[in-house]
A.B. asks: 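What follows is a single structure, and I will ask about it in a moment.
Hydrogens, waters and symmetry mates play no part in the numbers below; they use all other heavy atoms, side chains included. Atoms within a ligand are numbered from 1 in the order they appear, just like the ligands themselves. Predicted model only: the values in this text are computed from it and were never measured.
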Amino acid sequence: MSDFSKHILVTGGAGFIGSHVIRLLVHKYPDYHIINLDKLTYAGNLENLKDIQDAPNYTFVKGDITEADFILELFRDHDITDVIHLAAESHVDRSILNPMEFIMTNVVGTVVLLNAAKAYWSSNFEGHLFYHVSTDEVYGSLGETGFFTEQTSYDPHSPYSASKASSDHFVRAYHDTYGLPVVISNCSNNYGSHQFPEKLIPLFIHNITNNKALPVYGDGKYTRDWLWVNDHARAIDVIFHTGKNGETYNIGGFNEWQNIDLIKVLCKVMDTKLNREPGYSEKLITYVKDRPGHDLRYAIDSTKLKEELGWEPSLQFEEGLEKTVDWYLANEEWLNNVTSGNYKAYYETQYAQR
Ligand code: NAD
Ligand code: TYD
């Protein structure tokens, strides 16, 4: 008989958001066994979890969510009671270069996990939960005004958002068809420590540090709603424990920034931190060819999450951005490790023709 009250399979736990979710769960719930399943793609990094790797309630398993037999065996081996599913290919630009990988991991991988959960829990679904972590990008693009709510129709434009939308539909279909207990959350853009430097904020911190051009897509007037990653992890904790079966929750910080305004604030913070003269980093801004199918604006209405489950973001953006910059500057070795090898080849392909 196990001493743990739950055995939670967290997929993609070595990635950016997953590592924050795992750290929170391992510390906060010593009576839960947290099993981190990760393929360790370019985006997965066990260094992200060095501080908790020896915790008695934590187990790492290297593996691929698309491998059905292996996944079912994993459910059996660890007597999985719940799933928090984060594993995904997550970068829009990479999805434009190679959509098939996104279909395999994000769509097929999700269905493989759903099948395993359905089969392993089939005697009684009660007390189990399949939590699917998704994105606001499934809703498509907003004009100058308005917000995405849980009722907004799906309208994805990139191969990434199309694959996430598809996976969301499968999760709902397994709930409606087979009665599998599920929740879905759709979150806005995250920022914080341990994010791979292909996404806007860590990429630009890395480039500013190294005096490299800052490639701003199009006119830089695209708008994103930024949330501190630790607040996303807190929201996942709240939804996992108190969310209603079959429901969707939008997660966002009511914190919209046009890219160019955010980049200018980041340049200022970096100038101060690096003891550079004011205006130095802004000179690195370079407008480049736009991303195809670029969504103009994302903005999340997270009223439901606040009113029904009591979650609110804990941190103001400027404070979170400064904390993030401090982390990257203090963890140069982490950045150097993840930007060696394949990163260089990706960077050259992605930015060569822009
Ligand atoms: P990430 O790219 O940093 O991490 C993804 C993790 O999944 C990596 O550790 C990778 O090794 C693992 N992985 C990839 N393919 C796998 C496979 N086939 N089998 C097992 N593991 C695999 O991504 P992230 O930014 O941490 O995003 C996590 C989740 O949150 C994703 O589902 C993403 O769609 C969603 N999300 C991200 C954001 C954001 O701003 N980053 C916002 C909203 C939602
Ligand atoms: P990104 O971090 O890739 O997140 P997402 O596409 O999922 O929102 O990009 C955030 C915004 O920054 C988006 O509008 C694209 C833009 N961007 C650039 O202008 N230059 C870049 O080099 C990158 C990576 C993104």
A.B. asks: Only heavy atoms of His91, strictly under 4.0 Å: list the atoms of ligand 2 that pass.
C.D. replies: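 So the answer, numbered in order with elements, is 3 (O).
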A.B. asks: So which bit of Leu200 gets within less than 4.0 Å of ligand 2, heavy atoms only: side chain, backbone, both or neither?
C.D. replies: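 Both the backbone and the side chain of Leu200 come within reach of ligand 2.
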A.B. asks: Quick one: which of Arg297, Arg291, Lys199, Gln350 has a heavy atom closest to atom 9 (O) of ligand 2?
C.D. replies: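 Selected option, by shortest heavy-atom distance: Arg291.
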A.B. asks: Please state which part of Trp226 comes within less than 4.0 Å of ligand 1, counting heavy atoms only: side chain, backbone, both or neither.
C.D. replies: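 It is neither part, as no heavy atom is under 4.0 Å.
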A.B. asks: Assess whether a salt bridge exists between Lys264 and Asp261, defined as any Lys/Arg side-chain N lying under 4.0 Å from an Asp/Glu carboxylate O.
C.D. replies: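 No, this pair does not count.
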A.B. asks: Give the residue and atom name of whichever protein heavy atom lies nearest to atom 36 (N) of ligand 1, and the separation in Å to one decimal.
C.D. replies: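 The closest heavy atom on the protein side is Ile17 CD1, 3.9 Å.
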A.B. asks: Looking at Cys187, which atoms of ligand 1 are within less than 4.0 Å of one of its heavy atoms?
C.D. replies: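 Per the distance check, 42 (C), 43 (C).
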A.B. asks: Would you check the N or O atoms of Asn189, main chain and side chain alike, for any that come under 3.5 Å of an N or O of ligand 2?
C.D. replies: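 N/O-N/O distance below 3.5 Å exists for this pair.
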A.B. asks: Taking the non-hydrogen atoms of Tyr160, is any one of them nearer than 4.0 angstrom to ligand 2?
C.D. replies: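 Distance cut 4.0 Å: Tyr160 fails for ligand 2.
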A.B. asks: Closer than 4.0 Å to some heavy atom of Glu137 - which atoms of ligand 2 meet that?
C.D. replies: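 Reading through ligand 2 atom by atom, the close ones are 5 (P), 7 (O), 8 (O).
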A.B. asks: What I want to know is whether Lys164 and ligand 1 share at least one N or O pair that is separated by under 3.5 angstrom.
C.D. replies: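 Yes, Lys164 has an N/O under 3.5 Å of an N/O on ligand 1.
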A.B. asks: To check your reading of the model: name the closest protein heavy atom to atom 18 (N) of ligand 1, its residue, and the distance in Å.
C.D. replies: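 Sorting protein heavy atoms by distance from atom 18 (N) of ligand 1 puts Asp64 OD1, 3.0 Å first.
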A.B. asks: Using a strict cut-off of 4.0 Å, indicate which atoms of ligand 2 neighbour a heavy atom of Val92.
C.D. replies: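 In order of number, 6 (O), 7 (O).
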A.B. asks: With heavy-atom distances below 4.0 Å as the criterion, list the atoms of ligand 2 near Leu203.
C.D. replies: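 Taking each heavy atom of Leu203 in turn, ligand 2 has 22 (O) under 4.0 Å.
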A.B. asks: For atom 9 (O) of ligand 1, what's the nearest protein heavy atom and its distance?
C.D. replies: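 Of every protein heavy atom, Asp38 OD2, 2.6 Å lies nearest to atom 9 (O) of ligand 1.
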A.B. asks: Looking only at protein heavy atoms, which one is nearest to atom 2 (O) of ligand 1, and what is the separation?
C.D. replies: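 Nearest neighbour among protein heavy atoms for atom 2 (O) of ligand 1, to 0.1 Å: Ser90 OG, 2.7 Å.
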A.B. asks: Given side chains that start at C-beta, do those of Leu214 and Cys267 come closer than 4.5 Å, heavy atoms only?
C.D. replies: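 Yes, their side chains come closer than 4.5 Å.
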A.B. asks: In the protein, what heavy atom is nearest to atom 28 (C) of ligand 1, and what distance, to one decimal place, separates them?
C.D. replies: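 Closest protein heavy atom to atom 28 (C) of ligand 1: Leu86 O, 3.5 Å.
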A.B. asks: Report yes if some N/O of Asn190 lies less than 3.5 Å from some N/O of ligand 1; otherwise report no.
C.D. replies: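 Yes - when backbone and side-chain N and O of Asn190 are compared with those of ligand 1, one distance drops under 3.5 Å.
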A.B. asks: Could you tell me whether ligand 1 has any atom less than 4.0 Å away from a heavy atom of Ser19?
C.D. replies: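 Judged by the 4.0 Å heavy-atom criterion, Ser19 does not count as contacting ligand 1.
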A.B. asks: Which ligand 2 atoms are under 4.0 Å away from a heavy-atom of Pro215?
C.D. replies: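 Going through ligand 2 atom by atom, the ones under 4.0 Å from Pro215 are 18 (C), 19 (O), 20 (N), 21 (C), 22 (O).
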A.B. asks: Identify, by atom number and element, the atoms of ligand 2 in contact range of Val216, meaning under 4.0 Å from any of its heavy atoms.
C.D. replies: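 So the atoms of ligand 2 that pass are 19 (O).
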A.B. asks: What's the shortest distance from atom 15 (N) of ligand 1 to any protein heavy atom, and which residue and atom give it?
C.D. replies: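 Going by distance alone, atom 15 (N) of ligand 1 is nearest to Thr105 CG2, 3.5 Å.
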A.B. asks: I want to confirm something. Looking only at heavy atoms, which of Asn259, Ile260, Asp295, Asn190 is nearest to atom 11 (C) of ligand 2?
C.D. replies: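 Looking at heavy atoms only, Asn259 sits closest to atom 11 (C) of ligand 2.
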A.B. asks: Would Tyr160 and Asn106 satisfy side chain to side chain donor-acceptor pair (under 3.5 Å), going step by step from the backbone distance to the final call?
C.D. replies: CA-CA 8 Å; Tyr160 164 65; Asn106 299 2; over 6 Å; no
A.B. asks: Would you mind checking which non-hydrogen protein atom is closest to atom 33 (C) of ligand 1, with the distance to 0.1 Å?
C.D. replies: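 Looking at atom 33 (C) of ligand 1, the protein heavy atom closest to it is Tyr160 OH, 3.5 Å.
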A.B. asks: Please say whether Trp226 places an N or O atom under 3.5 Å from an N or O atom belonging to ligand 2.
C.D. replies: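 No, no N or O pair falls under 3.5 Å.
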A.B. asks: Taking the side chain as every heavy atom from C-beta outward, state whether Tyr347 and Thr349 have any pair of such atoms under 4.5 Å apart.
C.D. replies: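 Side-chain contact under 4.5 Å: no.
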A.B. asks: Identify the closest protein heavy atom to atom 44 (C) of ligand 1: which residue and atom is it, and at what distance?
C.D. replies: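 Result: Ser134 O, 3.1 Å.
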A.B. asks: If you measure every N/O of Glu198 against every N/O of ligand 2, is any gap under 3.5 Å?
C.D. replies: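 The answer is no, given that Glu198 and ligand 2 share no N or O pair closer than 3.5 Å.
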A.B. asks: Would you mind running through ligand 2 and noting each atom that sits below 4.0 Å from a heavy atom of Tyr222?
C.D. replies: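 This gives 14 (O) as the contact atoms.
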A.B. asks: Should you measure from each heavy atom of Val133, which atoms of ligand 1 turn up under 4.0 Å away?
C.D. replies: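 This gives 30 (O), 32 (O) as the contact atoms.
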A.B. asks: For ligand 1, find out whether one of its N or O atoms is nearer than 3.5 Å to an N or O atom of Thr41.
C.D. replies: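 Thr41 vs ligand 1: N/O contact under 3.5 Å present.
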A.B. asks: Which of the atoms in ligand 2, numbered in the order shown and given with their element, are less than 4.0 Å from a heavy-atom of His294?
C.D. replies: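 Under 4.0 Å from His294, ligand 2 has these atoms: 13 (C), 14 (O), 15 (C).
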